[in-house]
Structure formats: C-alpha cells, structure tokens
Number of protein chains: 2
Amino acid sequence: MRQPEHLKNAGLKSTLPRLKVLSLFESGQARHMSAEEVYKHLLSTGDDVGLATIYRVLTQFEQAGLLIRHNFEGGKSVFELNQGTHHDHIVCLQCGHVEEFFDAGIEARQEKAAAERGFSIRDHTLSIYADCTKAACPNKTQI
Amino acid sequence: MRQPEHLKNAGLKSTLPRLKVLSLFESGQARHMSAEEVYKHLLSTGDDVGLATIYRVLTQFEQAGLLIRHNFEGGKSVFELNQGTHHDHIVCLQCGHVEEFFDAGIEARQEKAAAERGFSIRDHTLSIYADCTKAACPNKTQI
DNA sequence: ATCGCTGCAAATTATTTGCACATAC
DNA sequence: GTATGTGCAAATAATTTGCAGCGAT
C-alpha cells in the first residue's frame with residue numbers, strides 16, 4: 001500500500017476519506033466513476049464520507065495527477081485512475097458504458113488537424129459517442 | 001424566408017420566439033451558441049423571449065434536426081445550425097473558441113474502432129480539446 | 001374555439017462554498 | 001498546537017417543469 005506516499009507527494013495529508021476514495025479506484029471495481037457513484041460505493045461499504053468531501057477529494061486528486069476527469073455527454077464529471085497509459089474512450093449514449101481504445105492513426109491525425117489550425121493539444125484525449133449494441137447493455141449505472 | 005416551412009415540417013407552429021431563434025442561427029453572426037448566449041443576443045436586439053422558452057425551442061429544434069447540440073467541456077450545451085455537412089470540432093479550453101474540421105482518415109478509423117468493440121456510431125461527431133495559440137485568443141464569449 | 005405555446009416562478013440536478021468542529025503531523 | 005480537512009447545510013449554475021394566460025390555425 002503505497003497510497004500515503006502518493007498523497008504526500010501531492011502535498012495532501014493522508015486522511016481517511018482520501019485513502020478510501022483512492023483505494024476504491026485502485027481496487028479496479030469500476031474504472032470510471034462519477035462523484036455520486038464514488039459516494040454510493042463508499043456508503044455501501046459502510047464508509048460514510050460526505051458527498052461534498054468526495055467532490056473536493058476528486059478535484060484535488062485530479063490536480064495532483066492521480067485521477068483524470070472526463071466530461072462525457074450526460075452532464076456529470078467522470079473520473080478514472082491515471083495510470084500513465086494514454087487511451088481514448090468510446091461511450092455508450094444509452095447506458096453510459098465506457099470502453100477504452102487506442103489508435104495511433106487517430107492520434108497522429110488529431111495532432112495534425114489541431115496543429116494546422118494553430119491549436120496545441122494538451123492530452124490528446126478524445127471521446128467517441130455511440131450506441132453499445134451488446135445484448136447486455138446495462139443501465140445508467142456503470143459510467 | 002422559408003423558415004416557417006421548416007417549422008411546419010417539424011410539426012411546430014411558427015411562432016415569434018421560434019422564428020427569432022432560427023433566424024439568429026441563420027444570420028451566421030455566431031455559429032455556436034449556448035442557450036444563455038442566444039438569450040442575450042435576442043435581448044440585445046430588443047426581442048425579449050423568456051429563457052425557459054429558449055431552452056424549449058432549442059431542444060425542439062434539436063429533435064427536429066434543425067440544430068445540433070454539443071456538450072463540449074464546460075457544462076453548457078452549445079448549438080449550431082445543422083447544415084447537413086458533417087464536420088468535427090476543435091475547442092479551445094481557454095476561450096471556448098470553436099473551429100470546425102473534417103478528416104476522412106479520422107472518420108474511418110473512428111468507425112472501425114467503434115465497430116470492433118460492438119458499438120454503432122450515430123453521427124460520427126467528435127471533439128478535440130486544445131489550447132488555441134492565437135495571439136488574439138478572445139474570451140469566453142464566442143463559444 | 002381549440003390545442004399548442006409562452007412566460008414566470010418554483011423545482012431539479014450537479015457541483016461549490018461557508019463555517020464550526022475534528023484530525024493529521 | 002496549528003494548519004488542514006471534514007460534514008452539513010446553504011448557495012450556485014444550468015436546465016426543466018407546472019401552471020395560468022396568450023396566440024396560431
């Protein structure tokens with residue numbers, strides 16, 4: 001468990017709420033979660049952390065580079081662990097299911113399109129919105 | 001002015017607020033506008049339409065296929081006239097400036113990436129977020 | 001005349017903030 | 001001990017909705 005160091009390095013005291021949130025993401029139970037989803041996960045494990053704290057912690061982790069924030073369609077911010085490996089996302093507009101992918105060709109053309117127009121790309125992140133055709137298209141829960 | 005027909009075809013009565021909103025978009029003054037921006041534009045022209053009506057009208061136009069809604073980073077929906085010609089967007093995270101582009105290679109790979117993972121793409125729309133390096137990077141107004 | 005439309009104000013949803021108390025170091 | 005962090009409740013921001021009256025056909 002090297003989490004406390006992560007927090008230290010970010011200049012954050014290692015408190016219970018922070019450790020709980022971080023290990024939830026590291027547990028891999030769900031890679032992509034909104035603040036509300038993190039909140040419910042923790043409640044269901046008996047750990048009750050205030051929702052406002054979750055919002056604060058998620059934002060701090062984002063700034064510390066521990067988490068990445070996405071603003072997918074649907075109005076809620078969704079977070080995922082920053083594991084250093086760049087990838088993009090395909091998001092199901094029906095159920096919110098997120099799948100990750102990487103395509104070097106898209107990366108290159110994305111860079112080129114931006115450069116040609118005088119934009120400089122920060123993180124190359126891009127999202128495709130589609131309908132997941134799987135039979136088991138679950139509902140709104142697993143964003 | 002063939003606007004009333006557009007509305008008719010969509011099963012919408014041709015009312016003043018609807019005509020005002022539609023012609024604002026058709027005037028080309030700004031291609032991409034949020035509800036609030038449409039509201040302010042109309043107020044500034046002396047046409048006072050309720051903000052709630054703007055929201056209703058924009059949604060109806062979106063459903064009628066007259067407008068396209070985008071949920072760019074930043075929490076507000078932004079609308080543009082649907083002119084039938086597909087294109088993607090590069091959005092400046094600093095000032096909200098939007099530029100349009102089209103890259104056949106990206107389209108193809110986007111389709112492929114989705115298909116391989118069992119997703120079916122609706123409209124192929126995708127957005128790149130970047131920093132517009134132009135000297136004249138304007139402020140929050142021209143989203 | 002009828003049914004749809006509009007404006008206003010109140011409701012919702014996601015997120016932020018003020019403040020008194022609790023906690024890490 | 002002191003600066004930080006937390007919980008709760010109230011504040012914001014974007015958008016939606018209920019309802020009584022207005023307007024298009």
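In what follows, every chain begins at residue 1, and chains take the letters A, B, ... in the order their sequences are listed. These numbers come from the heavy atoms of this one structure, side chains and all, not from hydrogens, waters or symmetry mates.
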*Qualifying residue, where the test is side chain to side chain donor-acceptor pair (under 3.5 Å) with H124(A) and the options are Q110(A), H86(A), H87(A), E111(A)*: E111(A)

*Report the distance from atom NZ of K20(A) to atom P of dA24(C), rounded to the nearest whole Å.*
11 Å

*F101(B): which other cluster members, linking ILVMFWY side chains closer than 4.5 Å, directly or transitively?*
I90(A), F101(A), I106(A), F119(A), I121(A), L126(A), I128(A), I90(B), I106(B), F119(B), I121(B), L126(B), I128(B)

*What pairs with D88(B) under salt bridge (Lys or Arg N to Asp or Glu O under 4.0 Å), at least two apart in sequence or on another chain?*
none

*Take atom CD of E73(A) and atom P of dT15(D), then tell me their distance rounded to the nearest Å.*
12 Å

*Any chance you could pull the hydrophobic cluster mates of I68(A), using side-chain heavy atoms under 4.5 angstrom and chaining through other members?*
none

*Would a hydrophobic clustering, with Ile, Leu, Val, Met, Phe, Trp and Tyr connected at side-chain separations under 4.5 Å, put I54(A) with L43(A)?*
yes

Each nucleotide N or O in nucleotides 13-16 of chain C that has a protein N or O under 3.5 Å away: list the pair and distance.
{"unit_1": "dA14(C)", "atom_1": "OP1", "unit_2": "K76(A)", "atom_2": "NZ", "d": "3.2"}
{"unit_1": "dA14(C)", "atom_1": "O3'", "unit_2": "G75(A)", "atom_2": "O", "d": "3.4"}
{"unit_1": "dT15(C)", "atom_1": "OP1", "unit_2": "S77(A)", "atom_2": "N", "d": "2.8"}
{"unit_1": "dT15(C)", "atom_1": "OP1", "unit_2": "S77(A)", "atom_2": "OG", "d": "3.4"}
{"unit_1": "dT15(C)", "atom_1": "OP2", "unit_2": "Y55(A)", "atom_2": "OH", "d": "2.8"}

*dT17(D) P sits how many Å from Q60(B) CD, rounded?*
12 Å

*R18(B) CZ to dT6(C) C1': how many Å, rounded?*
9 Å

*Measure from OH on Y39(B) to C1' on dC8(C) and round the result to the nearest Å.*
11 Å

*Round to a whole Å and report the spacing from CD1 of I54(A) to P of dT6(D).*
10 Å

_Contacts of E62(B) that satisfy side-chain hydrogen bond (donor to acceptor under 3.5 Å, both in side chains) - sequence neighbours left out_ = R69(B)

*Please report, rounded to the nearest Å, how far the C1' atom of dC25(C) is from the CG atom of L7(A).*
14 Å

*Which residues satisfy the side-chain hydrogen bond (donor to acceptor under 3.5 Å, both in side chains) test with Q29(B), sequence neighbours excluded?*
none

Check nucleotides 22-25 of chain D for protein N or O atoms closer than 3.5 Å to its own N or O atoms and list the pairs.
{"unit_1": "dG23(D)", "atom_1": "N2", "unit_2": "K13(B)", "atom_2": "NZ", "d": "3.3"}

_Nearest whole Å is fine: how far is dA14(D) P from E37(B) CD?_
11 Å

*Only pairs at least two apart or in different chains count here, so list each ring-ring contact (aromatic ring centres under 6.0 Å, His included) that has a residue in residues 38-71 of chain B.*
H70(B)-F72(B), H70(B)-H89(B)

*For A115(B), enumerate each residue passing the side chain to side chain contact (heavy atoms under 4.5 Å, CB included) test, keeping only those at least two apart in sequence or located in another chain.*
none

